[in-house]
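The structure appears right after this line, and notes come after that.
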Protein chains: 4
Amino acid sequence: MRLLFLGDMVGKTGRTAVWERLPGLISDLKLDFVIVNGENAAGGFGITEDIFLETINAGADVVTTGNHVWDQKDAVGFAGRHEQFLRPANYPAGTPGRGSSVYYARNGARILVANIMGRVFMHPELDDPFNSAEAILSACPLKEQVDAVVFDFHAEATSEKQCFGHFVDGRASLVVGTHTHVPTADCQILNGGTGYMSDAGMCGDYDSSLGMDKEEPLNRFISKMPKGRFEAATGPATICGLGIEISDSSGLAEKIAPLRIGPRLQETVPPFWA
Amino acid sequence: MRLLFLGDMVGKTGRTAVWERLPGLISDLKLDFVIVNGENAAGGFGITEDIFLETINAGADVVTTGNHVWDQKDAVGFAGRHEQFLRPANYPAGTPGRGSSVYYARNGARILVANIMGRVFMHPELDDPFNSAEAILSACPLKEQVDAVVFDFHAEATSEKQCFGHFVDGRASLVVGTHTHVPTADCQILNGGTGYMSDAGMCGDYDSSLGMDKEEPLNRFISKMPKGRFEAATGPATICGLGIEISDSSGLAEKIAPLRIGPRLQETVPPFWA
Amino acid sequence: MRLLFLGDMVGKTGRTAVWERLPGLISDLKLDFVIVNGENAAGGFGITEDIFLETINAGADVVTTGNHVWDQKDAVGFAGRHEQFLRPANYPAGTPGRGSSVYYARNGARILVANIMGRVFMHPELDDPFNSAEAILSACPLKEQVDAVVFDFHAEATSEKQCFGHFVDGRASLVVGTHTHVPTADCQILNGGTGYMSDAGMCGDYDSSLGMDKEEPLNRFISKMPKGRFEAATGPATICGLGIEISDSSGLAEKIAPLRIGPRLQETVPPFWA
Amino acid sequence: MRLLFLGDMVGKTGRTAVWERLPGLISDLKLDFVIVNGENAAGGFGITEDIFLETINAGADVVTTGNHVWDQKDAVGFAGRHEQFLRPANYPAGTPGRGSSVYYARNGARILVANIMGRVFMHPELDDPFNSAEAILSACPLKEQVDAVVFDFHAEATSEKQCFGHFVDGRASLVVGTHTHVPTADCQILNGGTGYMSDAGMCGDYDSSLGMDKEEPLNRFISKMPKGRFEAATGPATICGLGIEISDSSGLAEKIAPLRIGPRLQETVPPFWA
Ligand SMILES: [Fe+2]
Ligand SMILES: [Fe+2]
Ligand SMILES: [Fe+2]
Ligand SMILES: [Fe+2]
Ligand SMILES: [Fe+2]
Ligand SMILES: [Fe+2]
Ligand SMILES: [Fe+2]
Ligand SMILES: [Fe+2]
């Protein structure tokens, strides 16, 4: 199975780039399944239902999120209405929406996708991400209930990300980090067969501070006082993520490589798809 | 000028890999200057004088550090004895050792190297890293006092790293992040001409948690209790960093690309040197 | 029921003061039950089995702890052997020892004591303290299974402490905070009848930094570098805590007041016991 | 000199209680100088110029602030216009307003008041509070330039507060903490003669979460999601702070005791003024 994962869309430039590029990528690369993180799609803060729907329209099969999931007021309302929308699974019972679900890929494979949030330097009040993953995997084990398992692990600390990868190694097809908005160059297949990358990077303007116009963030570091609001940068976007080939028989990773298309970073497409 | 920067050496496997590889890289790639971060060289925690000297022997011109600089007791003693050893510059006045200095490259160029530590999620008690950089640059401006300026910005948060890059953009040849032990894929030349990469990655075993044996870190995430000590992983190391060509006339970046040599990550050498 | 709670014993001076004073207080004030927090009794870091036993010997019915519970190596071993020893309840399943238990007071009343740790600014990786309290209260509700319920809520942030108090208000006899080592002056009976105090303060030397010799903590704030180790202060100790009268019929608080005996703070004994 | 310090006014109930009580206290207790922290006076978030002026009108000589100082947009504008308004001194050079100033008390004494913010668990990006205090004291030493020196040390961590107290011990008349909104019971005169109290507590409704209506804070601890906004509680307020007698000859503390007037906490007025 050919799966494409794209990191946090940031602002209009980021989401537009994804919407424009995705249909072509799906047909050119013969993708079976596409996951996009959308937590910053609405001006950098959260996502609206319209943006979610447009992303699905463009070809995404699932939209994941993270700490910004509730930034837009209407998210609480629409989260529960769309099976293809995921908020972090380790919110407490009773939270609107879902944190994981099983989907059908275009090749007929069943794929479990889970969105989990780390706690270190982040959201200490959430449920234990390791417990959360354990519960999800117990309920729906790879190769018993599903043909592939993908975790979008939305976290800050590289230690938590790597330990999470090792924790589910052999039980998941892919662990891909999001949240730092910087793509990492550490794609690998772990010892147990799980594809791993610490961060997918963002889909946004890389002449910025994490996709936001750099003026106000820089002002805060220097003056320590707010001068204006954080606004999404508006320059041309680079879309970042990874491609992975998942074995039909084992559900584990066969090949994994980064994808970066756009003006500022070194462009690359998974060589096994080129 | 051809400059190689290598990220945090972690443990014996990391430092040994650097010592073995560096002499060949210097001659093969015709390097003019080499900087290596050594804050985790001694079993993952700090650096000893012997390890420092051996790293210089292998061809490093400067060894930088970070939050682990004082982990080995004797660091306080030897920090001041070696001009080629840098601790973060934003420790308060009176701290042993130095945070920046000017060196001569093999091509005769004068190069200012500074080691600065971020504060977000890190060491809030240090002096302001932006102020610190400003002071260093004022005392020794690019193209007036020196031919090149390099910052090893040792920090956790990508926002602080990117804002730091923009802050000195046009006034430095290179800002390269260290500390997360994960190489990023966001090499670029900023608008003002400064080469930038959020994190160089580590020189260590990438089948690990940040270069440390993964058993105890994983145990802590699961059981929340210490079972043993953190120990450096011992598998074969990958050395990670970047290569940069700095203009002799402007002191700014002409070309920048990652370098990764070793078993687990996708290997790469700056194409302009290959 | 007359219950005395004493805050974190710090070092030899703190524990000795408790051991010397407690027998007299029990007989003079006709105490039915005594709880003492012992997380810093061994030189400021954790508690040994001998210190635990000596504290029980002196008249404590329960010894609670907090984030320092495992600082002494043997705690993992003896935690499970003593019903009167509590570690925070919100460690994951499988952690040695227990986080709550039911005891008999000298007046025949059954009393549930639970030790729970906050997460804000503290231990983000622990289980949710509010969930943990809910589970404990469901299993053993006030006036059904027991005649009194006491929570030692070991936490840093006053917001978390106050919200925890309101959360169990009417369902517990007492919520008393520990950990900051500073007694608060906010004793009150909440609207639902639960006695509340944000922090009991410590039993230790108040000419110090939180009971530790002030030289090294102050050095770290100034020089940002370790010079020596943290050691418990050795001057005369003040014991701090509170007295509460719990209704035999409702299990709720009737009267609550601080207790402070020793050289540096204003001394006070609950006036309703004087 | 008789000085009264009142902690953070929270919301309308808090500021109104201060405005109503202060004139009577000044005449009844023959106060020479009054300092009030106003960082939460406007609905819990910051302070407006009108509220500031009304507080001065009620008899305050200085209004200090803290991390909420800039919450109200117009604070940046009026901060610089009023000598009696202080924001934390350890903002960087160029920040509007002032962090310390010298005033005349009603008995003719000159008094230096400084507002400094801690960094632990708080605002890591501010300048070093210990450095900041050192600079202020060097420029205006006790008994040389002024007859009294008071620090409002706005901080979360008790360790930082106590170490700050020891740091200026003998060089200041008073160090009083603010920010936690909970009064502490650790009033003392340090070895060098400086009056000290870890936190003055707030002037607000103590049936609340830190003076805010408890519903939303409690909701966030339980559901981990915002449901509404934080709003100041509206029940009757208790005013909290301390009284100190400062020696005319030495400028050091002679007597110190808490003051608490209102419905929910144990009421007290410094006995040496009663
Ligand atoms: Fe994001
Ligand atoms: Fe995020
Ligand atoms: Fe490191
Ligand atoms: Fe580091
Ligand atoms: Fe403690
Ligand atoms: Fe503690
Ligand atoms: Fe406040
Ligand atoms: Fe505050």
Side-chain angles (χ1 to χ4, degrees), chain A residues 118-122 128-131 134 156-167 169 177 179-191 197-199 201-202 206-212 214-215 217-222 224 238 240 256-258 260 263-266 268 271, chain B residues 118-122 128-131 134 156-167 169 177 179-191 197-199 201-202 206-212 214-215 217-222 224 238 240 256-258 260 263-266 268 271:
Chain A
R119 300 199 291 191
V120 179
F121 308 139
M122 284 273 295
D128 186 322
F130 293 80
N131 273 357
E134 191 65 54
E156 174 75 31
T158 42
S159 60
E160 196 176 17
K161 284 170 161 175
Q162 292 188 356
C163 283
F164 186 85
H166 295 305
F167 181 65
D169 184 19
H179 177 69
T180 71
H181 291 200
V182 173
T184 57
D186 64 340
C187 256
Q188 59 171 301
I189 297 177
L190 302 179
N191 296 337
M197 181 165 157
S198 289
D199 209 287
M202 68 164 174
Y206 277 85
D207 176 19
S208 66
S209 169
L210 311 184
M212 306 306 283
K214 61 200 177 220
E215 187 179 326
L218 189 48
N219 162 58
R220 302 237 181 138
F221 274 112
I222 296 168
K224 329 302 184 196
T238 297
C240 284
I256 184 168
R260 295 186 297 271
R264 295 191 72 100
L265 308 186
Q266 193 197 346
T268 184
Chain B
R119 299 199 292 190
V120 179
F121 309 138
M122 285 274 295
D128 186 322
F130 293 79
N131 273 358
E134 191 66 54
E156 174 74 33
T158 42
S159 59
E160 196 175 18
K161 283 170 162 176
Q162 292 188 357
C163 284
F164 186 86
H166 295 304
F167 181 65
D169 184 18
H179 177 68
T180 71
H181 291 201
V182 174
T184 58
D186 65 338
C187 257
Q188 58 172 298
I189 296 176
L190 302 178
N191 296 337
M197 182 165 158
S198 289
D199 209 287
M202 67 164 174
Y206 276 86
D207 176 19
S208 67
S209 170
L210 312 184
M212 305 306 282
K214 62 200 175 217
E215 189 179 324
L218 189 49
N219 162 58
R220 303 239 180 137
F221 274 112
I222 296 169
K224 329 303 184 194
T238 297
C240 284
I256 183 168
R260 296 185 296 273
R264 295 191 72 100
L265 308 185
Q266 194 195 346
T268 184

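In the text below, chain A, chain B and the rest are named by the order of the sequence lines, each starting its count at 1. Everything quoted here is computed from the prediction, not taken from an experiment.
- Heavy atoms of A:Ser198 lying under 4.5 Å from chain B belong exclusively to its side chain.
- For chain B, the option among A:Arg220, A:Glu160, A:Met212 with the highest count of heavy-atom pairs below 4.5 Å is A:Glu160.
- Proximity to chain B (any heavy atom under 4.5 Å) is shown, for A:Asn191, by both the backbone and the side chain.
- Neither the backbone nor the side chain of B:Lys161 comes within less than 4.5 Å of any heavy atom of chain A.
- Counting all heavy atoms, side chain and backbone alike, B:Gln188 lies closest to A:Leu265 at NE2-CD2, 4.1 Å.
- One finds the CZ atom of A:Phe121 at 4.5 Å from the CD atom of B:Glu156 (value rounded to the nearest 0.5 Å).
- Nearest heavy atoms, B:His166 versus A:Asp207: CE1-OD1, 4.0 Å.
- Looking at residues two or more places apart in sequence or on another chain, you find a ring-ring contact (aromatic ring centres under 6.0 Å, His included) between B:Phe130 and A:Phe221, B:Phe164, B:Phe167.
- Considering only heavy-atom pairs separated by less than 4.5 Å from chain A, the leading option among B:Pro217, B:Gly201, B:Ser208, B:Ala257 is B:Ser208.
- Contact record, A:Pro258 with B:Gln266: CD-OE1, 4.4 Å, taken as the closest heavy-atom pair.
- Comparing A:Leu190, A:Val120, A:Thr180 by heavy-atom pairs within less than 4.5 Å of chain B, the highest count is held by A:Thr180.
- B:Ser159 approaches A:Leu210 most closely through the heavy-atom pair CB-CD1, 3.6 Å.
- Residue A:Glu134: no heavy atom, backbone or side chain, is found under 4.5 Å from chain B.
- Scored by the side chain to side chain donor-acceptor pair (under 3.5 Å) test, B:Ser209 finds no partners at all (sequence neighbours excluded).
- Taking every heavy atom of both residues into account, B:Cys163 and A:Leu218 meet most closely at O-CD1, 3.4 Å.
- Using a 4.5 Å heavy-atom cutoff, the side chains of B:His181 and A:Thr158 are not in contact.
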